[in-house]
Amino acid sequence: TIDSNLAIKLYLKSIENHSSLSNYDESEKIAESLLQKTNDPIIKSQIYSLLIKQYNITGEFQKATELAILGLRLLNVKLPENNLDKALQK
């Protein structure tokens with residue numbers, strides 16, 4: 001519905017704004033809340049994308065990588081468990 005789409009957009013903007021203001025804990029709380037409220041893989045991937053940016057800024061590269069892989073899997077992008085570098089070169 002229009003109201004739920006607007007609410008999702010506001011949540012996403014709130015995550016982005018808190019992250020840009022270095023309010024990382026609040027950004028993560030809002031992200032977790034929204035993740036629990038939706039089953040939509042596109043919305044989840046958008047949340048992960050925002051968190052990935054945040055984790056890259058804060059130097060949490062392992063978390064960023066794990067979320068990137070999870071987000072891609074939500075979108076049915078298959079990545080090999082081993083030799084990821086080799087697969088990415090193709």
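Here, residue 1 is the first one in the sequence, and each next residue gets the next number.
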Original post:
Quick one: OG on S4 to CD1 on I43, what's the gap to the nearest 0.5 Å?
Top reply: 8.0 Å

Original post:
How far does CD1 of I30 sit from CG of L12, to the nearest 0.5 angstrom?
Top reply: 10.5 Å

Original post:
Are L70 and I47 connected in the hydrophobic side-chain network, where two residues link if heavy atoms are under 4.5 Å apart?
Top reply: yes

Original post:
Linking I/L/V/M/F/W/Y whenever their side-chain heavy atoms sit closer than 4.5 Å, directly or via other members, would I15 and L10 fall into one cluster?
Top reply: no

Subject >> Short side-chain donor-acceptor distance under 3.5 Å, Y55 and E28 >> reply: yes

Original post:
Is there a donor in the side chain of E32 and an acceptor in the side chain of Q36, or the other way round, less than 3.5 Å apart?
Top reply: no

Original post:
Salt bridge check: are E16 and K13 linked by an N-O gap of less than 4.0 Å?
Top reply: yes

Subject >> Cluster link L67 to L72, ILVMFWY, side chain under 4.5 Å >> reply: no

Original post:
Of all heavy-atom pairs between S45 and L74, which one has the smallest distance, and what is that distance?
Top reply: OG-CB, 4.0 Å

**OP:** Report the distance from atom OG of S27 to atom CG of L51, rounding to the nearest 0.5 Å.
**Re:** 5.5 Å

Original post:
Sub-3.5 Å donor-acceptor pair from the side chain of T38 to the main-chain atoms of L35, do we have one?
Top reply: no

Original post:
Can you name the closest pair of heavy atoms from L75 and P41 and give their distance?
Top reply: CD2-O, 4.2 Å

Original post:
In Å, rounded to the nearest 0.5 Å, how long is the span from CG of D40 to CD1 of I8?
Top reply: 7.0 Å

Subject >> Spacing of CD belonging to E60 relative to CD belonging to E66, to within rounding of 0.5 Å >> reply: 10.5 Å

Subject >> Inter-residue atom distance Q54.CD - L50.CG, 0.5 Å rounding >> reply: 9.0 Å

Subject >> Heavy-atom closest contact (Y48 atom, G71 atom, distance) >> reply: CD1-CA, 3.7 Å

**OP:** With the side chain counted from C-beta on, respond yes when S14 and H18 share a heavy-atom pair under 4.5 Å apart, and no when they do not.
**Re:** yes

